[in-house]
Amino acid sequence: TSVLTCSPPSWYFLLAAFNTFFYQLMDNLDGKQARRTNSSSPLGELFDHGCDSLFILSMAICLGTGLKMNGWEEFILLSFGSAIFYASHWEEYHTHHLILGRYANPTEAQVGMMILLVIAGIFGPSVYSVPLFTIPNAPHFLRTLTLTKCVVVATILGCLYTFTINSIKVIKWTNKNKKSLLYGFSPIIPVILLMSMMGLWAFLSKSNIVLNSAI
């Protein structure tokens with residue numbers, strides 16, 4: 001079933017919020033524990049970030065269900081979330097420092113997700129589908145504006161801002177180390193191409209696969 005048609009019970013969203021908190025706690029403790037026991041390693045870092053990437057998929061599904069997202073909104077949430085996760089590690093690949101920005105910081109983002117899920121668990125997902133404005137003769141986009149759409153727009157703008165910051169840092173690194181822009185941007189080019197082709201394929205789909213297929 002799709003995230004629009006399924007109706008999980010309230011405990012599903014509360015459990016998802018708790019699981020997000022538990023994941024956040026363990027994700028913050030594992031590095032400290034590894035350094036304390038002198039057991040940190042590149043393999044451990046790879047495993048850590050691999051678990052983070054799986055979290056993006058599961059959380060996008062849970063959040064899409066809680067916010068009653070349609071197929072395109074869910075597609076945007078998952079695509080932009082995955083892309084910005086990769087972009088942060090693209091910057092780290094060159095600078096050797098994983099410094100997450102103000103809007104890509106996972107702690108604040110996960111707290112926001114927990115709040116949204118708890119609200120969905122208490123009041124139901126339909127609360128996010130209520131139009132924010134009921135002004136007569138207002139523009140169509142205002143009369144149809146919901147909290148879900150606000151979250152989607154905020155995700156797009158936040159990811160674009162963060163990607164710009166990542167790009168600026170990589171450009172500064174290439175200039176400092178006398179590398180070409182092609183060398184600096186070559187790791188991110190395949191991801192940009194992949195995301196572009198995914199969006200083009202979904203947009204040109206004759207069967208409207210994003211809206212008609214279950215997510």
Practice problem: For Trp11 and Phe18, run side chain to side chain contact (heavy atoms under 4.5 Å, CB included): C-alpha distance rounded to whole Å, both residues' side-chain angles, the deciding distance at 0.1 Å, then the answer. | Solution: CA-CA 10 Å; Trp11 62 263; Phe18 173 79; over 6 Å; no
Practice problem: Please report the C-alpha distance between Tyr128 and Leu116 in whole Å, then the side-chain angles of each, then the deciding distance to 0.1 Å, and finally whether the side chain to side chain contact (heavy atoms under 4.5 Å, CB included) criterion is met. | Solution: CA-CA 9 Å; Tyr128 294 111; Leu116 292 173; 3.5 Å; yes
Practice problem: Determine, stepwise, if the pair Thr65 / Phe13 fulfils side chain to side chain contact (heavy atoms under 4.5 Å, CB included). | Solution: CA-CA 9 Å; Thr65 306; Phe13 302 109; 4.0 Å; yes
Self-check item: Trace of the side chain to side chain contact (heavy atoms under 4.5 Å, CB included) decision for Ser167 with Phe185
Solution: CA-CA 8 Å; Ser167 300; Phe185 279 79; 4.1 Å; yes
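There is a path of hydrophobic side-chain contacts, each under 4.5 Å, that joins Leu194 to Ile192. Following chains of ILVMFWY side-chain contacts shorter than 4.5 Å, one can reach Met113 starting from Val111, so the two form part of one hydrophobic cluster. Hydrophobic clustering places Met114 together with Ile122 (ILVMFWY residues linked when any side-chain heavy atoms are closer than 4.5 Å, directly or through intermediates). One hydrophobic cluster holds both Met195 and Phe203 under the rule that ILVMFWY side chains link at heavy-atom gaps under 4.5 Å. Linking ILVMFWY side-chain heavy atoms closer than 4.5 Å, directly or via other members, places Ile168 and Tyr93 in two distinct hydrophobic clusters.
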Could you pull out every donor-acceptor pair under 3.5 Å between side chains of residues 77-84 and any protein atom, sequence neighbours left out?
unit_1, atom_1, unit_2, atom_2, d
Ser79, OG, Phe75, O, 2.7
Ser82, OG, Leu78, O, 2.9

Side-chain donor-acceptor pairs of residues 25-33 under 3.5 Å, sequence neighbours excluded:
unit_1, atom_1, unit_2, atom_2, d
Asn28, ND2, Gln24, O, 3.1
Gln33, OE1, Arg36, NE, 3.2
Gln33, OE1, Arg36, NH2, 3.2

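Atoms CG and CG, from Leu14 and Asn19 in turn, are 11.0 Å apart once rounded to the nearest 0.5 Å. Here the SG atom belonging to Cys159 is positioned 8.5 Å from the CD1 atom belonging to Ile156, to the nearest 0.5 angstrom. Residue Leu67 holds its CG atom at 11.5 Å from OG of Ser126, rounded to the nearest 0.5 Å. Once rounded to the nearest 0.5 Å, the distance linking CG of Leu147 with CD1 of Ile119 reads 8.0 Å. In this structure, the separation between CD1 on Ile165 and CG on Leu160 is 12.0 Å, given to the nearest 0.5 Å. Between the CG atom of Leu63 and the OG atom of Ser58 there is a distance of 10.5 Å, given to the nearest 0.5 Å.
A donor-acceptor pair is defined here as one N or O able to donate and one able to accept, closer than 3.5 Å; no such pair exists between the side chain of Asn177 and the backbone of Lys179. Checking side-chain atoms of Ser10 against main-chain N and O of Gly121 turns up a donor-acceptor pair under 3.5 Å.
Checked against side-chain hydrogen bond (donor to acceptor under 3.5 Å, both in side chains), Tyr23 has the following partners two or more places apart in sequence or in another chain: Asp52. Looking at residues two or more places apart in sequence or on another chain, you find a side-chain hydrogen bond (donor to acceptor under 3.5 Å, both in side chains) between Thr37 and Ser39. Taking Tyr12 as the reference, nothing meets the ring pair (Phe, Tyr, Trp, His ring centres under 6.0 Å) condition, with sequence neighbours excluded. Legend: residues meeting ring pair (Phe, Tyr, Trp, His ring centres under 6.0 Å) with Phe21, ordered by chain and number and at least two apart, are absent. Arg35 pairs by the side-chain hydrogen bond (donor to acceptor under 3.5 Å, both in side chains) definition with nothing, not counting sequence neighbours. With sequence neighbours excluded, the residues that form a ring pair (Phe, Tyr, Trp, His ring centres under 6.0 Å) with Phe85 are His89. Residues satisfying the side-chain hydrogen bond (donor to acceptor under 3.5 Å, both in side chains) criterion with Ser205, sequence neighbours excluded, are Ser207.
For Cys62 against Ala16, the heavy-atom pair with the smallest separation is SG-CB, 4.2 Å. For the residue pair Tyr86 and Pro187, the shortest heavy atom distance occurs at OH-O, 3.1 Å. In terms of heavy-atom proximity, Glu73 sits nearest to Lys149 at OE2-CG, 3.7 Å.
The other residues sharing a hydrophobic cluster with Trp173 are Tyr183, where clustering joins ILVMFWY side chains under 4.5 Å apart. Through direct or relayed side-chain contacts under 4.5 Å between Ile, Leu, Val, Met, Phe, Trp and Tyr, Leu157 connects to Val153.
Residues Met59 and Leu117 have side chains in contact (heavy-atom distance under 4.5 Å, counting atoms from C-beta outward). The shortest distance between side-chain heavy atoms of His94 and Thr174 does not fall below 4.5 Å. By the 4.5 Å heavy-atom criterion applied to side chains, Trp90 and Phe163 are counted as neighbours.
Applying the salt bridge (Lys or Arg N to Asp or Glu O under 4.0 Å) test to every pair with at least one member in residues 85-98, sequence neighbours left out, gives these pairs: Glu91-Lys169.
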